[in-house]
Amino acid sequence: WINDISVTWYDNTILARDYAGYIAEMNAGYVAILPDGKLTIKQHNTASKFSINIDDCEDFVLGTKFQITKVVYDNGIVKYEAGNDTGNTIYINSENVFIVNQSQIDNIYNSIKNFEFYNISTGNCPINGNVHAGDVITFIDGDNEYPTIANVNMTYNVGWYGGYSLDINNQR
């Protein structure tokens with residue numbers, strides 16, 4: 001964990017899934033359910049789990065490149081930030097009850113800074129059954145590599161067929 005805090009209180013008006021999301025967010029990650037049914041937190045900035053040559057894709061559309069260079073928490077009372085404005089900013093949920101100081105934002109920033117990924121879209125292409133939504137995968141075009149965050153769309157018909165897509169809005 002990059003931000004481990006002691007919690008001595010509980011608010012039953014906050015949903016358990018929101019608490020899990022807040023904890024994951026504090027640790028520069030997201031909540032996922034493993035195949036064995038256990039809840040886990042996965043980090044965003046991880047090594048690619050699978051590579052796909054774009055020549056093996058039915059249609060490959062490369063979209064916007066993102067590079068995380070700043071993290072901001074602003075709940076209207078306090079504002080913590082780390083990084084710079086040269087790339088994209090991650091905004092921490094202003095309702096995250098576990099964010100209490102600047103060092104937490106510094107830790108999140110240090111974990112996710114310079115994380116690069118692209119919006120992409122493909123038609124049918126090789127599908128890896130071990131890749132789950134949120135995992136980093138990479139599309140390869142010669143010497144160029146385009147990492148993205150997997151969002152899988154697949155069906156089974158004598159084999160897995162489908163594609164990947166990621167479409168994140170970007171406003172600077």
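Since the structure is predicted, the reported quantities are computational estimates derived from the model, not experimental observations. Only heavy atoms go into these numbers, but all of them, side chains included; no hydrogens, no water, no symmetry mates.
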What distance separates Ser121 OG from Leu166 CG, expressed to the nearest 0.5 Å? 10.0 Å

Residues in side-chain contact (heavy atoms from CB on, under 4.5 Å) with Asn84, at least two apart? Thr69, Thr86

With Asn101, which residues qualify under side-chain hydrogen bond (donor to acceptor under 3.5 Å, both in side chains), at least two apart? Ser103

Would you confirm whether Tyr19, through its side chain, and Asp11, through its main-chain N or O, come within 3.5 Å as a donor-acceptor pair? yes

Taking atom CG of Asn107 and atom CD of Gln102, what is their separation to the nearest 0.5 Å? 10.0 Å

My understanding is that only residues two or more places apart in sequence, or in another chain, count here; which of them pass ring pair (Phe, Tyr, Trp, His ring centres under 6.0 Å) with Tyr22? none

Can you list every pair that meets salt bridge (Lys or Arg N to Asp or Glu O under 4.0 Å) and has a residue in residues 87-102, with sequence neighbours left out? none

For Leu15, what residues pass the side-chain contact (heavy atoms from CB on, under 4.5 Å) criterion, not counting sequence neighbours? Arg17, Asp18

With sequence neighbours left out, write down each residue that passes side-chain hydrogen bond (donor to acceptor under 3.5 Å, both in side chains) with Asn75, or none if nothing qualifies. Tyr73

Listed partners of Asn12 passing side-chain hydrogen bond (donor to acceptor under 3.5 Å, both in side chains), at least two apart: none

If I take atom SG from residue Cys125 and atom CD1 from residue Ile52, how far apart are they, to the nearest 0.5 angstrom? 4.5 Å

Would you list the atom pairs, donor with acceptor, under 3.5 Å between side chains in residues 138-148 and any protein atom, with sequence neighbours excluded?
from	atom 1	to	atom 2	distance (Å)
Thr138	OG1	Ser48	OG	2.9
Thr148	OG1	Tyr118	O	2.7

Are Phe60 and Tyr164 packed together at the side-chain level, in the sense that at least one heavy-atom pair is separated by less than 4.5 angstrom? no

Rounded to the nearest 0.5 angstrom, the CE-CG distance for Met26 and Asn93 is 13.0 Å

Take atom CG in Leu34; do more than 12 heavy atoms of anything else shown fall under 6.0 Å from it? yes

Hydrophobic clusters here meaning ILVMFWY residues chained together by side-chain heavy-atom distances under 4.5 Å, can you tell me if Ile168 and Ile90 are in one? yes

Tell me, do His44 and Tyr30 make a side-chain contact under 4.5 Å, heavy atoms counted? yes

Does Val71 belong to the same Ile/Leu/Val/Met/Phe/Trp/Tyr cluster as Val97, with side-chain heavy atoms less than 4.5 Å apart forming each link? yes

For Asp106 versus Ala82, what's the shortest heavy-atom pair and its separation? OD1-CB, 3.5 Å

What's the spacing between Thr64 OG1 and Ile120 CD1 if we round to 0.5 Å? 12.5 Å

Minimum heavy-atom distance Val131-Ala150, with the two atoms named: CG1-CB, 3.7 Å

Would you kindly say whether Gln67 and Asn114 are connected by a side-chain donor-acceptor distance under 3.5 Å? yes

For the atom pair CD1 (Ile68) and CD1 (Ile108), what is the distance rounded to the nearest 0.5 Å? 12.5 Å

Contacts of Val72 that satisfy side-chain contact (heavy atoms from CB on, under 4.5 Å) - sequence neighbours left out: Lys70, Asp74, Lys79, Glu81, Thr89, Tyr91

Pairs in or reaching into residues 21-43: which pass salt bridge (Lys or Arg N to Asp or Glu O under 4.0 Å), with residues at least two apart or in two chains? Lys42-Asp135

With clusters defined by side-chain heavy atoms of hydrophobic residues (ILVMFWY) lying less than 4.5 Å apart, directly or transitively, does Ile99 cluster with Tyr10? yes

Only counting residues at least two apart or in another chain, list the ones meeting ring pair (Phe, Tyr, Trp, His ring centres under 6.0 Å) with Phe117. Phe66, Phe115

Could you tell me whether a side-chain N or O of Asn45 sits under 3.5 Å from a main-chain N or O of Ser111, the two making a donor and an acceptor? yes

Find out if a path of hydrophobic residues (ILVMFWY) with successive side-chain heavy-atom gaps under 4.5 Å connects Val100 to Ile23. no

When you compare the side chain of Thr40 with that of Val31, does any pair of heavy atoms fall below 4.5 Å? no

For Lys113, side-chain hydrogen bond (donor to acceptor under 3.5 Å, both in side chains) partners two or more places apart: none

Hey, is the main chain of Ile112 close enough, under 3.5 Å, to the side chain of Gln43 for a donor-acceptor pair? no

